[in-house]
Amino acid sequence: MINLVNVTKTFKKKLVLDNITYTFSDGKIYGLYGCNGSGKTMLLRTVAGLIVPDSGKIFIDSKEMHKDISFAPDCGIIIENMELLPNFNAFDNLKLLSTIRKKATDEDIIKSLERVGLNSDQKVKKYSLGMKQKLNIAQAIFEKPNILLLDEPTNAVDDVGVKLLYNIIFEEKNRGATIIIASHHKEELISLCDELIYIEGGHIDEELSNQ
């Protein structure tokens, strides 16, 4: 469970998160929608621990971020402008990442690449934008994290890849993961999410339930 309590952040003299209080429960899919610059990506970065709020607190399973823990533990993330190693292929990129936590096996890596439909042995520098995004999705899921933070995950992905991603999201939910998806397309989120959250000016303006 992720709890945000009065979280506020100013960046370059602009209020990007405005006193946000919200609880994200286990085994549910949440959709953040709003225009570009509304605060969606900043909220994901803050939940991940990549940004320290000016005020307020973040708790993950009762542990306080930046006090008890530095980053969200057991978290898979797709965030804007992600880049993996261009001179390695998909498997070798994930194999190198797996040495950090020593949690995923070679079989886990292969399975994650199969799930996103990425079968190429090319070096990443030769990938299309859609192939790079599929690899980003694979790196987010290959260690079976308890939290998935997905920022515009369908960006540049073809229709077949989008269907595979939707299947993955539902499978990860059924596994018990907490999933937060940011998109400026509300329609994309309606069929996926249990809860929809509208963000404008860094503030949660509307909460809708799909249940």
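Interatomic distance, CG of Leu85 versus CG of Leu97, reported as 7.5 Å (0.5 Å rounding). Separating the OG atom in Ser98 from the CZ atom in Phe142 is a distance of 5.5 Å, to the nearest 0.5 Å. Here CG of Asn146 is found 10.0 Å from CD of Glu172. Values are rounded to the nearest 0.5 Å. Note that the CD1 atom of Ile180 and the CG atom of Leu150 stand 9.0 Å from one another [nearest 0.5 Å].
Between the side chains of Thr154 and Glu188, at least one donor N or O sits under 3.5 Å from an acceptor N or O. Checking Ser38 against Glu200 by side-chain atom types alone, no donor-acceptor pair falls below 3.5 Å. Judged purely by distance below 3.5 Å, without hydrogens or angles, the side chains of Thr21 and Asn6 pair a donor atom with an acceptor atom.
With Thr178 contributing its side chain and Ile147 its backbone, the two residues share no donor-acceptor pair below 3.5 Å. No donor-acceptor distance shorter than 3.5 angstrom exists from the side chain of Arg115 to the backbone of Ala138, with no hydrogens or angles considered. In terms of modelled atom types and a separation under 3.5 Å, the side chain of Asp194 and the main chain of Ile29 share a donor-acceptor contact. When atom types are taken as modelled, the side chain of Gln133 and the backbone of Gly130 share no donor-acceptor pair closer than 3.5 angstrom. In terms of modelled atom types and a separation under 3.5 Å, the side chain of Lys14 and the main chain of Phe11 share no donor-acceptor contact. Looking at Asp108, its side chain does come within 3.5 Å of a backbone N or O of Thr105 through a donor-acceptor pair. Of the possible polar contacts, none joining the Ser70 side chain to the His66 backbone as a donor-acceptor pair under 3.5 Å is found. Put simply, the side chain of Arg175 gets close to the backbone of Pro145: a donor and an acceptor are under 3.5 Å apart. Within the 3.5 Å criterion, the main-chain N or O of Glu64 finds no donor-acceptor partner in the side chain of Lys57. Counting only distance, with no hydrogens or angles, the side chain of Tyr33 and the backbone of Glu187 share no donor-acceptor pair below 3.5 Å.
Counting non-hydrogen atoms of other residues, nucleotides and ligands closer than 6.0 Å to CZ of Phe91 gives a total above 12. No more than 12 heavy atoms of other residues, nucleotides or ligands lie within 6.0 Å of NZ in Lys163, so this atom counts as exposed by the packing criterion. Other residues, nucleotides and ligands place no more than 12 heavy atoms under 6.0 Å from the CG atom of Asp159. Heavy atoms from other residues, nucleotides or ligands lying under 6.0 Å from CD of Glu107 number 12 at most.
The pair Asp54-Lys9 counts as a salt bridge, with a side-chain nitrogen and a carboxylate oxygen less than 4.0 angstrom apart.
Shortest non-hydrogen contact noted between Thr46 and Pro53 is CG2-CD, 4.3 Å.
Looking only at side-chain heavy atoms (C-beta outward), Leu32 and Leu43 come within less than 4.5 Å of each other. Side-chain contact between Val47 and Met65 is absent, with no heavy-atom pair separated by less than 4.5 Å. Here the side chains of Ile197 and Ile199 are in contact, with some heavy-atom distance below 4.5 Å.
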For Glu152 and His185: C-alpha separation, side-chain torsions, deciding distance, then whether side chain to side chain donor-acceptor pair (under 3.5 Å) applies. CA-CA 9 Å; Glu152 304 286 356; His185 297 298; 5.7 Å; no
Might you work through the side chain to side chain donor-acceptor pair (under 3.5 Å) test for Lys125 and Asn87, ending with a clear yes or no? CA-CA 6 Å; Lys125 65 182 178 183; Asn87 290 316; 3.1 Å; yes
Side chain to side chain donor-acceptor pair (under 3.5 Å), that's the test. Do Asp151 and Thr41 meet it? Break it down for me. CA-CA 7 Å; Asp151 188 17; Thr41 298; 2.8 Å; yes
Decide salt bridge (charged side-chain N to carboxylate O under 4.0 Å, His left out) for Arg101 and Asp74; before the verdict, give the C-alpha distance in whole Å, the side-chain angles of both, and the deciding distance to 0.1 Å. CA-CA 10 Å; Arg101 298 183 62 197; Asp74 208 9; 3.4 Å; yes
